[in-house]
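Counting starts at 1 for both ligands and their atoms, in listed order. Values reported hereafter were calculated over all heavy atoms of this structure, with side chains retained and with hydrogens, waters and symmetry mates removed.
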Amino acid sequence: MAQLSSVLAQATPVLVERGEGALVYDEQGRRYVDFTAGIGVTSTGHCHPRVVEAAREQTGKMIHAQYTTVMHRPLLSLVERLGGVLPTGLDQLFFVNSGSEAVEASLRLARQATARPNIIAFHGGFHGRTVAAASLTSSNTKFRSGFAPLMAGVSLSPFPDPWHYGWTPEQATEFALDQLDYLLQTVSSPKDTAAFMVEPVLGEGGYVPASTEFFAGLRERADRHGILLIVDEVQAGYGRTGRFWGHDHFAGRPDVLITAKGLASGFPLSAIAASSQLMERAWPGSQGGTYGANAVACAAALATLDVIEDEALVDNAAQRGEQLRAGLEDSVRTHLPAKSNVRGLGLMQGVEFRDADGRPDPAAASAAQRRAHEHGLLLLTCGAWGQVVRFIPALIVDDALVSEALATWDRVLGDAAAQDEPARG
Ligand code: PMP
């Protein structure tokens, strides 16, 4: 008899049978409000009829049109359509399957195009679990520990995280840029540095948005030294933050953009985008893969873009994000110790639990996440200590479901406060 490996850590014991929009149902028919969206993947909701239809139709025609052997129409159409949403100038795309693979593809591109070895990533960033991607990841040691040596040539520099440092956003940004200059001066010389790799909003690292000044500082240094700015939009991109790309909030100008998760509403698909001038500096045949740009995934991605446009999902993410944010702030003010806070953008919101002394409180966060699932609300945690509970519903979520989730969350925090009462007194 075989079992699923114990290496998999499971956030809830729910055994799902089906999903519809922002709801999932288990085998007993119990309904859950899903504010995890498959870790920010099912942008159009579970099983959006137009995505299902597009995938069904493509499945009947061609499933695996291996893209280094033959070419297929869904891929060519997707490239054309993505041209309409990508930042100006990023006019070439390359496709793989997962976020980590796309991160690796961007590293290959950056190293070949610059003929430089080093990459600078930022504290709290998450870029994936494959060895090269893990080398850039510092959201938690669990993603790095026990399988060293990691890839050489990576240096880490502070991310402007005001909550971690206990500073204002301006102070945190000034510090981060100052430390970046110090790193370029002392550890990773600009002439050895191929790229900066950054998330517009730390995802696994705790839902911390960057700042306009930080992005301006990265751009200026990148231009000055011929370093590439790679923006990892795997979690923050594709409408989630209430703008199409997370870096749109900060007037960012990436040289390379990485996208995955929301791109195909749940089918494995990821991509890197860059200018043709940059892509042409990499070596032909240096990228590829058996499963990249699967035809069914590309068809689903085309339907995803149609739905995002026709249902104005980016605007919806901004509006429902405001509703969610306001409700979470109320509940935190009412129930949690003073230093607890809400952070994030659009439908990418996190509640950071801090104890009465202001220290990160992962035990309270995971207890709340667990109780929420018992009350029928699926949530995940994130942050270096697991002290942040994150809310990432599908972009189709409506007013009523956000209100329902907020009411459940308020009850979860209220029950916990009531249980704590005797101990406090
Ligand atoms: N980058 C970011 C910002 C992510 O959030 C993730 C996944 N959480 C990845 C990369 C890695 O993606 P995948 O799990 O598909 O490899």
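The existence of a salt bridge linking Asp306 and Arg81 is confirmed by a sub-4.0 Å separation between a basic side-chain nitrogen and an acidic carboxylate oxygen.
Residue Glu199 places no N or O, backbone or side chain, under 3.5 Å from any N or O of ligand 1. At under 3.5 Å, not a single nitrogen or oxygen of Val103, backbone or side chain, sits near a nitrogen or oxygen of ligand 1.
Just one of Arg108, Glu104, Glu101 meets the side chain to side chain donor-acceptor pair (under 3.5 Å) condition when paired with Gln287; it is Arg108.
Evaluated by nearest non-hydrogen atom to atom 15 (O) of ligand 1, the leading choice among Ser100, Pro268, Gly99 is Gly99.
The protein heavy atom nearest to atom 5 (O) of ligand 1 is Gln235 NE2, 2.9 Å. From the protein, the heavy atom lying nearest to atom 2 (C) of ligand 1 is Phe126 O, 3.3 Å.
Looking at Arg111, its side chain never comes within 3.5 Å of a backbone N or O of Leu107 through a donor-acceptor pair. Checked by atom type and distance alone, the side chain of Arg219 pairs as donor or acceptor with a backbone atom of Arg253 at under 3.5 Å. Between the side chain of Arg281 and the backbone N or O of Ala113, at least one donor-acceptor pair lies under 3.5 Å.
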>> Pair Ser276, Asp91 - check side chain to side chain donor-acceptor pair (under 3.5 Å), show working.
In response: CA-CA 6 Å; Ser276 9; Asp91 56 358; 3.0 Å; yes
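Residue-level proximity to ligand 1 for Glu204 is carried by the side chain, the only part with a heavy atom below 4.0 angstrom.
Within the listing of ligand 1, atoms 15 (O), 16 (O) sit less than 4.0 angstrom from a heavy atom of Ser98. Shown in contact with His127 at under 4.0 Å from a heavy atom are these atoms of ligand 1, numbered in order with element: 1 (N), 10 (C). Per-residue contacts place Asp232 under 4.0 angstrom from the following atoms of ligand 1 (heavy atoms of the residue considered): 1 (N), 2 (C), 3 (C), 10 (C).
Using a 4.0 Å cutoff on heavy atoms, Lys261 counts as a contact of ligand 1.
Aromatic ring orientation, Phe215 versus Phe250: parallel (interplanar angle below 30°, classes split at 30° and 60°).
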